Every structure is written in C-alpha cells, then in structure tokens.
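These notes are about the structure you will find just below.
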Number of protein chains: 4
Amino acid sequence: MTEKPLSRRQREMLRYRQEVLQAALQLFSARGYDRVSMRQIAEKAEFSVGTLYNLFKNKEDIYRAIIVEVADRFETAARGALQGSGNPLERIRAFIAACARVVEENSPAIRLYLSLTRGMAFHFKAGFDEEVQERDRRILQLLASVLEEGGRAGLLRYDLHPDHLALALDGLLGAFLLRCMEEGAGCRPEIYSAVVEEVFLKGALAVDPSKA
Amino acid sequence: MTEKPLSRRQREMLRYRQEVLQAALQLFSARGYDRVSMRQIAEKAEFSVGTLYNLFKNKEDIYRAIIVEVADRFETAARGALQGSGNPLERIRAFIAACARVVEENSPAIRLYLSLTRGMAFHFKAGFDEEVQERDRRILQLLASVLEEGGRAGLLRYDLHPDHLALALDGLLGAFLLRCMEEGAGCRPEIYSAVVEEVFLKGALAVDPSKA
Amino acid sequence: MTEKPLSRRQREMLRYRQEVLQAALQLFSARGYDRVSMRQIAEKAEFSVGTLYNLFKNKEDIYRAIIVEVADRFETAARGALQGSGNPLERIRAFIAACARVVEENSPAIRLYLSLTRGMAFHFKAGFDEEVQERDRRILQLLASVLEEGGRAGLLRYDLHPDHLALALDGLLGAFLLRCMEEGAGCRPEIYSAVVEEVFLKGALAVDPSKA
Amino acid sequence: MTEKPLSRRQREMLRYRQEVLQAALQLFSARGYDRVSMRQIAEKAEFSVGTLYNLFKNKEDIYRAIIVEVADRFETAARGALQGSGNPLERIRAFIAACARVVEENSPAIRLYLSLTRGMAFHFKAGFDEEVQERDRRILQLLASVLEEGGRAGLLRYDLHPDHLALALDGLLGAFLLRCMEEGAGCRPEIYSAVVEEVFLKGALAVDPSKA
DNA sequence: TATGAATGAGACTTCATTCAT
DNA sequence: AATGAATGAAGTCTCATTCAT
C-alpha cells in the first residue's frame, strides 16, 4: 500500500488535471455537457486545447473523470455509513448525514452525478454512464439490505418492501439535496438532512419508540 | 373563451404538429436534445426539414412545445386535485393519484419534463426552461398551502414547515415515478403511488387517526 | 436495361458531382490525397464545404469515386480488347492501343490510379484500395491468359511464363504512359504505344514471322 | 577529399540518425509520409520527439535523408555498372543485376524511392523531390547513352531511339522489382532480373547473335 | 544534451437554418 | 404549401514544432 513518490512532472500533471476538471465541472454544471466546447474548457482552465488532449483522452474522458471522482466519494461515504458500526437505525442516520456532507463538499459535481443517476442520462459510447448507474443501484441495494436488517431486528417497520423504503429514502434525500444546491448562497444540508430524518424515520419507518 | 372554429388547413396543421412532436419526443427522450438533429426528426415524422420549419419556429420551439404540453397537463391535473373538493387530506391523496396518472399517460415526455424541473436543466436562450421551473415551483407552493391548511385543520402534523413537507412529498413522488419509467415493461404507477401514500401519509404527516 | 429518366434534380446532382470530382482530381493529382483539404476542393469546385458532404459521404468517398471511374473505364477498355475478336496477337495489339487511348483521355486520373495499383498505396479504412488492386490483378491475369493462348497457337514464344510476359508488357506500358503524362504539353501516347509494340512484340514474343 | 576523423559525439549522432531513419523508413513505407507522425517515429526509434529535432531539421528532412540515401546507393550502383568495364552489352547486364541487388538490399526504401521517381510524387516545399527526379533522369540518360554506344558498336539494334529503349528497360525493371517487393515472403530479384534480361536483350535489342 | 509538455493552426465533419423551386 | 440542397459556423481532435527544465 505504500505509494511510490511521484516525480515533480507527475505531480504537476495531476495538478493540471485537477485544474481542468475544476473548469470543466463549472461549465458542464452550468450549461450541460453538449453545450460546452473544448475550447471553452481550455480558456477557462487557461490551457491550450492541445494541452487538454495531453491530459485527457478526449472530451468524454474529462466528463468521466469528474463523474467517477464524485461517484467514488459518494460510494465511499455511503458504504462507510451503511457498513459501519451501530444498529441499522444508527447506520441509516449516518447514511443520511454522509450524503449531506458529500453534497456540501461537492455541490456542483453532484448535479452532474444526479443527472446521470436519476432522470436523463446522456448516452456515451463507452457506456460508462451505465456503469455509474449500476454502481448507484448497488448502493441502493445496500441501503435496502440495511433497512431489511432493521426490520428483522424490530427497529423498523417491515410491512413495506425494503426496496421501496430504500427508494423512498433515496428520493427524499435527492429532492432535499438538489434543493440545497439550487438556493445558491444559503445551502444548508444539515437542516435538510434533519428534515429527511424526521420525515423518514418518524414516519415511514414507524420506529418502535421503546427500542429507538 | 369561445374558440373560433378552425379551418381545415388549421386543423391539418395542428395534426401535423402533433405528429412532429410525437417523433421528436421519442428521439429527445432516447438521446437527449443535443444529440438529435432536425433531419432525424424530419425523417422519423416523415416530413421534410422545410416543413418542420413551417410548423415550428426552430428546434428549440419543438422542444418547448413538448415541455409546455406536458407541463400544462401536469399543472391542470395537479391544480384540479389540490384545488378540488374534499378536505386537505383527500386532496393530497388526489394529487398523488393525479401525478401517477399523468406519468402513466405521458411517460416519455415526463422524463424530459423532470430533467428540466429537477436536476440538470439545459439553458435555452429564450429562458423558457426557467419559466417551466417557475411554474413547477408554484405547484409546489400550492401543495405546501394545502399541507398547511391540513395542519391548521388538525389533520396533518404541523411541527414541520409545510414547504419542507411539500418538498418531501415531491421528492418521494419524483423518485417513484422515475423508477416506474425505468423498468421498461412493468411500469406500475398505481403500485408506487400506494407506497408513496403509505410512506408519506402514515409517516411524515402523522395523521390523527381519529380524524382521517 | 431501360434507364429510368432522371429528374431534373438528379441530373443536376450528377452534374455537380462531376464538377466536384473534376476539381478534386486536379488537386489530388497535383498534391496527393493527404495534402488536399476539403475546403480547398470546395473552393476550387465553387461549392461550400457543406455541399460537398451532401454530394459525397466523406473525403475518401470523393477519392473512391475518381478511382472507381477510371478503373471501370480501364477495365472496360482492357477487357474489350483482350476478349475481343482476332487472334491473340491482334488482341494484344488492341490492348496496347486501348491503354494508350484511356491514358490519353483520362490523363490526370490515371496518375492517381497508377499510384494506387503500382507503387505506394494509401491505406484506406474501407479497404477499397485493395479492391482496386485486386481488379488490376485480374486484368493482368486475363492478359497472361491471352499470351498463353498465343503461345499455344504458335504465334508467341512460350519459353517464358505467361505471367512474366504479362508483367513485362504491363511494366513497359506503365513506364511509357507515365512518361507521356509527365511531359505536360507534348503527350503522344500513339508514339509510345508504337514503341511498346515494337519492343514487346518483335522482341519479347519472338513472333514466328511466317504466321504474323 | 580527406575526411576529418569524427569525434565520438559525431559518430554517436550518426548512429542515432541511422536508427531514426530505420524506424521512419518502416513507418513511411507501410503507411505513407502523411500518415506517420513524429511521435510515432520517436516511439519506434526509442527516442524522444525533441531528440528527433536535434538530429533532423524537421519531418521532411527525415524523409529527404531516407530518399537521398537510397538514391545515392542506387546512383552509385547504376553508374558503377554503366560506366564500368566491358562492352555495352555487358554493362547493360551489369546494370540490370545491380538494380536487382539494390532492391534486394533496400526493399522498403525503394518503395518510397519509386513512388517519388515514378508515378505520384508528394510536393515538398523545398522541392527536393524534383531534385531526386532529376537525378533519376540523369541515370536514364546515362543508360540511353550506353544503349546508343551498343547500337553504334553493332551489338544492339539501333532502329529505336535510345531514349525509348532506356525507358523500356527502366519500365521493365521497375515493374518486376515492384512485383518482387509485393510478394512478401518469396522475393526473388535474381529470377526477375533474369526475365528482364531475357525479354529485353533477346527481344527489344535484337542482339546480333554472332557478336553476343 | 535530452526530454516531452505546451501550443495553436488546421483537418474533417455535422447541423440548424434558409430559400429557390 | 412543401421540399431538400446549399450554406458556413462551429465542434472535436491531431500534429509539427518549440522550449523550459
């Protein structure tokens, strides 16, 4: 697991890639993938077009890098919460909080991510968009399994299919987090995640108060 | 409000417009606005490109017509339910059912609509996308006002801000309806809307059972 | 075999295609395929770049059309001579004359054709260059079979392999015809073809004078 | 004419140049000048792009060096044969053999050379391609003068213009030698040059058997 | 001296839109 | 009114060449 020390060249390249991704992210997030040209990305990142192609295979590769990064971050956070310690109820709470945190830290990238996992997906040749959707689906299944476990433990109601409960929580989270991002300045994920907890846990899951 | 009777020519033109919209809808829904060319729309609709420009001002106008149509339909259905008869609780139930019905009937168009109202929006010059978002927001406010009314009437819990509750319901609905559309064959909005009711009403709203 | 009468539109398109081919031919012949841009062809043909793409699938398609045309013309002329009437000797003479005639009439196109069948070939994706080479090879085999027939008939010497004789004649012809084209103004294929006849028939074939 | 002894550095540089030329030759021969990038040459030669530019002025200069080298080799061999000892007939035979030998030893380079001297030439800015063609023409004239000398000596027929005979021999040679290179595995210049001798000498030149 | 990242001109191609027929 | 050929701006990507390290 020890990382080889990177040469100065390599470190520079990584930094440049981050700068390009930063610029591309803002543009994609504001105008959509197809409405942003390589020249625009180059200008915003203050590189030449040719340099973009030294750093990335092509335009799609830039997009992929952005999405994969946020997908990794999200997956890590989600798995950390859902597979962490504590009873299912606590893990659900941790999951809600983790999602809010990821959104707070990666606001613009999350918009792209959500546009690929919910609703309209572009259709890329490499099909990496479907890979991302597949990864997202696995998180949802993990969430469902934790809900089911909670049901068996008597912590959560079990009269609804765990898949449906997972989808409900996911929908609630998505709606609130998107709302957070819309409001420009006053983005308060911690408030919204409290509401999600309230609505979802007190309601949908009908927690047995003697156990919670 | 009386409509002038349309000439044969005008009726024909309306029918042609519908055929073009039908073709464009399928293409946009499958590949996304920017990945579809006017020539492709013309071929699918079995018109010439020139005729498309006689029927619509430009490509964006075709898109707008699709979106406005589904937005109208959705708004009509939503207002009909939320401003209809019955107590707030019954109106919420009617709203959920109405949403499910609209989705069932306009499945592909709804995908485009949702991509414009949640998550990523293209940015069109004419700014009609923001108009649509504004209309959507007004529905949400109407929903919130009904929820508030229900709270004042003691039918629904009032410890959460009605805007948040509205957003929660909206998010739940969106998630389930999108899921309906994904599953290709087995699209069952009536099942999903039952789940939404269950999750939202029994849970989030903590209906006073003596009154419901 | 009756041809449908072409619409005015179709006739116009064919004429336009010919104009483009004419322009492209001159440019390709002077500078080589890879040194000529679509913009240059468009300018020389006095069309816009877009129109070029309405008339031809892509740049390679323009090249292909030029080559295929001259290849067809050459093949027709060659087969007509070699499979025509007369004894093998007369057919060889007709072949030599036919080649000279084709070159005389299609001088610039022949240069492209020869660059594809002898010497350096570009490598096109569609592999049509190999098709053209294959067609050329078949003509050579046909020529060889006529030479062999002449040998069996006692008209031509048979101590050399017919394939080699065919190649010899082909090489002679190629060298003289290329020379014709080089000299700009004074291109005299009829003189050169006389020399080829003289050199090849009197010499290589050692015609039995009593039979010729 | 005495060469200064080269420094180690200079000798090294010459060796590097040869390695680059070797790599470039293979690529140019396989794909054509315009389809090969400097980066590809650099990779095949296992140098950096920058080093290529230290060794050669530019891409064209690499091409020129390849061509000039084979042109020199060919010219040396041809002059050696044609200006050597023996009667004209023997010198022609030596010339044919020399050509076969050069081809055998420089097969890929010859393809490039022939594409520049027969048929299609690229048009380089510096016009060195025309220089090469000029040099080639001088060899042809030298060949013609030997043929003429043979004619005057009664060894060779003189009813045809020596230039035409020279061209005929050149065309025969070119055709057979190109054929040798095409056949991949079984390349037998010595066989083909025998055929050329047979066809050309026995036939075209109608050697007076009493003198040969 | 050797390297290879940076550059930007220029290549091919697509496409929304217009307009003569 | 209906057509679809013509247009040229704009997009993605490549590549010869330079130059800081």
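Note that this is a predicted model, so its numbers are computed, not measured.
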Checklist entry - Considering Watson-Crick and G-U wobble pairs with both distances under 3.5 Å, what does dT14(F) pair with? => result dA9(E)
Checklist entry - When you measure from the side chain of K59(B), which nucleotide among dT17(F), dA16(E), dT21(F) comes out closest? => result dA16(E)
Next on the checklist: Taking 4.0 Å as the cut-off, does a side-chain nitrogen or oxygen of T51(A) come that near to OP1 or OP2 on dA5(E)?
Outcome noted: no
Item to check | First of M38(A) and S37(D) reached from the 5' end of DNA chain F, by closest nucleotide | outcome: M38(A)
Next on the checklist: Please determine whether any donor N or O and acceptor N or O are separated by less than 3.5 Å between the side chain of N54(C) and the base of dA6(F).
Outcome noted: yes
Item to check | Residue Y53(D), side-chain atoms from C-beta onward, closest of dT12(F), dT17(F), dA16(E) | outcome: dT17(F)
Checklist outcome for this item: Separation between CD1 (I67(B)) and CD (E131(B)), nearest 0.5 Å, reads 12.5 Å
Next on the checklist: Return whichever of R9(A) or R9(B) has its heavy-atom-nearest nucleotide of DNA chain F closer to the 5' end.
Outcome noted: R9(B)
Next on the checklist: Check the orientation of Y63(A) and F28(A). Use parallel for under 30°, tilted for 30 to 60°, and perpendicular for over 60°.
Outcome noted: perpendicular
Next on the checklist: In whole Å, I'd like the distance from the CG atom of L52(B) to the P atom of dA2(F).
Outcome noted: 12 Å
Item to check | Distance, rounded to the nearest Å, where K57(C) contributes NZ and dT14(E) contributes P | outcome: 10 Å
Next on the checklist: Please report the distance, rounded to the nearest Å, between CD in Q10(B) and P in dA1(F).
Outcome noted: 11 Å
Item to check | Side chain of V49(C) - closest among dT17(F), dA6(E), dT13(E) | outcome: dT13(E)
Checklist entry - Whole Å only: how far is the OH atom of Y63(A) from the C1' atom of dC13(F)? => result 21 Å
Checklist outcome for this item: Paired to dT3(E) by Watson-Crick or G-U wobble criteria (both distances under 3.5 Å) is dA20(F)
Checklist outcome for this item: Here the gap from F56(C) atom CZ to R64(C) atom CZ, rounded to the nearest 0.5 Å, amounts to 11.5 Å
Item to check | Nearest-0.5 Å distance that lies between atom CG in L52(C) and atom CZ in R17(C) | outcome: 10.5 Å
Next on the checklist: Can you see if the side chain of S48(D) gets near the phosphate of dA2(E) - specifically, an N or O under 4.0 Å from OP1 or OP2?
Outcome noted: no
